[in-house]
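Read through the structure below, which is laid out as structure tokens, and then see the notes.
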Protein chains: 2
Amino acid sequence: MARKVTSQDVARKAGVSQSAVSRVFTRGASVSPDMAARVRSAADELGYRPNALARGLITGRSRIIGLVVAYLDNPFYPDAIEKLSTVLQAQGYHLLIFTTGKHGIDTDRVISELLDYQVDGIITASINLSGELSERCAAAGIPVVLFNRAIPGSGLSAVTSDNLTGGRKAAEFLLAGGHVRIAHISGFMDASTSRDRLAGFRAALDRAGAPLHALVDGRYDRATAAEAARDLMARPDPPDAIFVANDHMALAVMDMLRFDLGLKVPQDVSILGYDDVPMAGWPAYDLTTLRQPTRRMVDATVDELMAKLDTPNRAARRIEIDGPLVVRTSARIPEGYTP
Amino acid sequence: MARKVTSQDVARKAGVSQSAVSRVFTRGASVSPDMAARVRSAADELGYRPNALARGLITGRSRIIGLVVAYLDNPFYPDAIEKLSTVLQAQGYHLLIFTTGKHGIDTDRVISELLDYQVDGIITASINLSGELSERCAAAGIPVVLFNRAIPGSGLSAVTSDNLTGGRKAAEFLLAGGHVRIAHISGFMDASTSRDRLAGFRAALDRAGAPLHALVDGRYDRATAAEAARDLMARPDPPDAIFVANDHMALAVMDMLRFDLGLKVPQDVSILGYDDVPMAGWPAYDLTTLRQPTRRMVDATVDELMAKLDTPNRAARRIEIDGPLVVRTSARIPEGYTP
DNA sequence: GTGTTATTTGCATAGGTATGCAGACACATC
DNA sequence: GATGTGTCTGCATACCTATGCAAATAACAC
């Protein structure tokens, strides 16, 4: 186990001071070309690289971003995380993962650990951290950006798709398709995402004078959503269309309808999802769904985080990114429909 | 932005030395109950927690594990990562993510960054890091465990399922089912995982005197695998069974067979996968597959890493975990089959 | 009382880097 | 030659915590 090579070692070898070595590796510092060359050659020879921990300690910037995530079984998140990591990496930041477990237990402990590592910023995904998150992070001066969720009144920046509009588009598409008993399987109601999708959906139905035929909470969980679908179809007046709050549940619903209940999609029931995860495009499902533009959401998240890092007291921003309805075959297509 | 509260502040407030504060937060250090109480109360009041960076700097242990990952679109990985993170978190470690991109570009840069952060250990997943990884990490004294891949002769510990046996079980099941033209769509051959699955598969066929009817490289990629399947079926003598090297590809193959070619699974072709990802159990696919026991693989990975942390010059271990064949309906079930 | 051992505490330093400050130097200007 | 301007460089210190060492205290036996 070779002893770690430090800037001292390099300095000695190059016959300069430790400060000089440091300056060579700090961009924006004043160094003569001659010295830079000497130092770099010595550093290469010894295999020296600055210690990120020591650097973070003194600069007060760790270049670590905490990512808090509850679960990864909805494939929307792995995709987003991969992109997040790549984009941040290109800017010299890295993601430190914190998992809260499905039921958001131990939020308190997670936040503490997050702060222990002196993270420069925090991104949360698939998660609802209570008010204490915002307070403690604000107290520590750490910027937070919520990804795919918003907490109104929390003073935290948030990036989502335009869920209200998405909900509206869903309703309009189903109405145009001539559906009359339109149901919704929602995500849990503590999530702004669920509330907004429902609100937009409901508003558009109202505007058309159509009732929301039924509303069930699917809790963003496959099993729950499948049960909800079974219950809906067992009613005396089953729906002829179901808007499901995300693809992950929508696929479970389709499985339930087709394989357990022997129904045809979309002939018997139209299904609409939300997210456009890769599987939605697979022929076995071919799910009509509202796309969340992951790429743009990720870029916006990182931009917002970087902006907050540069400008500490910047006001929180609420960023909503519009995504298209991706028409496939799981929902009846209105006559003469053009996108 | 509140100034950071340090052990000095706590010491002052509690009327003790900084060392005392440190000792209270270092388990195994000698402190009187009286002082511990005083310090803790002062710390709570000020909201003090030890700075992990400073601590890492002096102890030489950052409690950060680097996770190197190429891609997350195969759902086997998000699942594993979530579990890895949870298990490590319980032991006071956290995962710092490094993505290499699909084509393993920039491996060199990734390793450098990894070392910059003074990670205590490294776990790689879905990735083939060349010999330089092992060399540089060995030089720096950082333990490495490969997850779901092995590099023979590299001297690195590796945890996989028992791929040889898995391949064998696949062949035996297909043979018992009476198949005679048995093909394989493999992963890329740089991966030990692919090679072992194929080797086990081939060995069992040989032993039974059956030929491997066809072999194509699917590169662990959906599109490539689907094309491979199309090509196979376009031959004058198409296979009656295909063993696909992972579920991710197997599902694409099933889609291709059923929706593009109008074939029936398993009546026209039997399909076998590998992994048992959640989707394999969904009724739309109901894929017969070899389970990789994620939970046990993750536990073994973490155990091995911790062991290497405790015993620096420990010999590398190669851990293979047996998983069952999960029989569903995508492959013909042999007469009188019992598991 | 002395002596012995165990426990607790503070002092001082180390760990690896960044940076304010002042000195050194070169060069130009008058 | 004196003064000013600008560029480099080294010194010394700070960031925050852990820990070896020695001093102080306590506990105990005789």
Side-chain angles (χ1 to χ4, degrees), chain A residues 1-40 42-43 46-64 92 115-120 140-141, chain B residues 1-40 42-43 46-64 92 115-120 140-141:
Chain A
M1 167 127 78
R3 212 180 59 73
K4 262 167 208 147
V5 28
T6 75
S7 55
Q8 289 285 7
D9 303 333
V10 178
R12 216 168 354 249
K13 172 144 198 157
V16 299
S17 73
Q18 179 269 324
S19 341
V21 177
S22 167
R23 278 193 261 266
V24 171
F25 285 91
T26 308
R27 31 169 273 153
S30 146
V31 209
S32 71
D34 173 52
M35 150 157 308
R38 277 226 311 276
V39 168
R40 285 207 187 277
L46 296 177
Y48 168 78
R49 305 211 86 216
N51 179 326
L53 261 45
R55 183 175 261 187
L57 182 58
I58 190 168
T59 60
R61 327 201 85 200
S62 60
R63 303 198 76 86
I64 295 177
L115 299 182
D116 290 354
Y117 278 99
Q118 316 292 115
V119 295
D120 288 345
Chain B
M1 166 125 79
R3 213 178 60 71
K4 261 164 209 148
V5 27
T6 75
S7 56
Q8 287 284 7
D9 303 332
V10 178
R12 214 167 357 244
K13 171 145 198 157
V16 299
S17 73
Q18 179 269 324
S19 339
V21 178
S22 166
R23 278 193 261 264
V24 170
F25 285 91
T26 309
R27 32 168 272 154
S30 143
V31 209
S32 71
D34 172 51
M35 150 157 308
R38 276 227 309 276
V39 168
R40 285 206 187 279
L46 297 178
Y48 169 78
R49 306 211 83 217
N51 179 326
L53 261 45
R55 184 174 261 187
L57 182 57
I58 191 167
T59 59
R61 325 201 86 199
S62 61
R63 304 198 76 85
I64 295 177
L115 299 182
D116 290 354
Y117 278 99
Q118 316 292 116
V119 296
D120 288 345

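Small disclaimer: the values here were computed from a predicted structure and weren't measured. Naming: A, B, ... by sequence-line order, numbering from 1 per chain.
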Kindly say if Y48(B) contacts the phosphate of dT17(D), meaning a side-chain N or O under 4.0 Å from OP1 or OP2.
yes
Please write out each protein N/O paired with an N/O of nucleotides 6-11 of chain D under 3.5 Å, distance rounded to 0.1 Å.
unit_1  : atom_1 : unit_2 : atom_2 : d
dT9(D)  : OP1    : S32(A) : OG     : 2.8
dT9(D)  : OP2    : S32(A) : N      : 3.0
dT9(D)  : OP2    : S32(A) : OG     : 3.2
dG10(D) : OP2    : S17(A) : N      : 3.2
dG10(D) : OP2    : S17(A) : OG     : 2.9
dG10(D) : N7     : R23(A) : NH2    : 2.6
dG10(D) : O6     : R23(A) : NH2    : 2.9
dC11(D) : N4     : S19(A) : OG     : 3.0

Just by modelled atom types, is the V31(B) backbone N or O under 3.5 Å from a matching donor or acceptor in the R23(B) side chain?
no
Quick check: do R49(B) and L115(A) have side-chain heavy atoms less than 4.5 Å from each other?
no
Specify the separation, in whole Å, of atom CZ of R38(B) and atom P of dT8(C).
14 Å
With R61(A), the side-chain contact (heavy atoms from CB on, under 4.5 Å) member among I64(A), I58(A), T59(A)
T59(A)
Which angle, rounded to 10°, do you find between the first-five-pair axis and the last-five-pair axis of the helix from dG1(C)-dC30(D) to dC30(C)-dG1(D)?
50°
Between dC16(D) atom C1' and F25(B) atom CZ, what is the distance in whole Å?
14 Å
Salt bridge present between D34(A) and R38(A) (N-O < 4.0 angstrom)
yes
Minimum-distance nucleotide to R55(A) side chain [options: dC16(D), dT17(D), dA18(C)]
dA18(C)
Using a 4.5 Å cut-off on heavy atoms from C-beta on, say whether the side chain of V21(B) contacts that of T6(B).
no
D9(B) CG - dC16(D) P separation (whole Å)
9 Å
dG16(C), OP1 or OP2 - any side-chain N/O from T6(A) closer than 4.0 Å?
no
Please report the distance, rounded to the nearest Å, between CG in N51(A) and C1' in dG15(C).
9 Å
How long is the span from the OG atom in S17(A) to the CD atom in Q8(A), to the nearest 0.5 Å?
9.0 Å
Using atom CZ of R49(A) as one end and atom P of dT17(C) as the other, report the distance to the nearest whole Å.
12 Å
Using atom CZ of R61(A) as one end and atom C1' of dC15(D) as the other, report the distance to the nearest whole Å.
16 Å
Smallest separation among heavy atoms of V24(B) and A36(B), with atom names
CG2-CA, 4.0 Å
Between P on dA14(C) and CG on L53(B), what's the gap in Å once rounded to a whole number?
21 Å
Hey, does T59(A) reach any base, or is it just sugar-phosphate, or nothing, if we go heavy atoms under 4.0 Å?
sugar-phosphate
Contact between K4(A) and Q118(B) at the side-chain level, heavy atoms closer than 4.5 Å - yes or no?
yes
Distance under 6.0 Å and angle within 45° of ring axis: R40(B) vs Y48(B)
no
Please state how far atom CG in L57(B) lies from atom P in dA14(C), giving the value in whole angstrom units.
14 Å
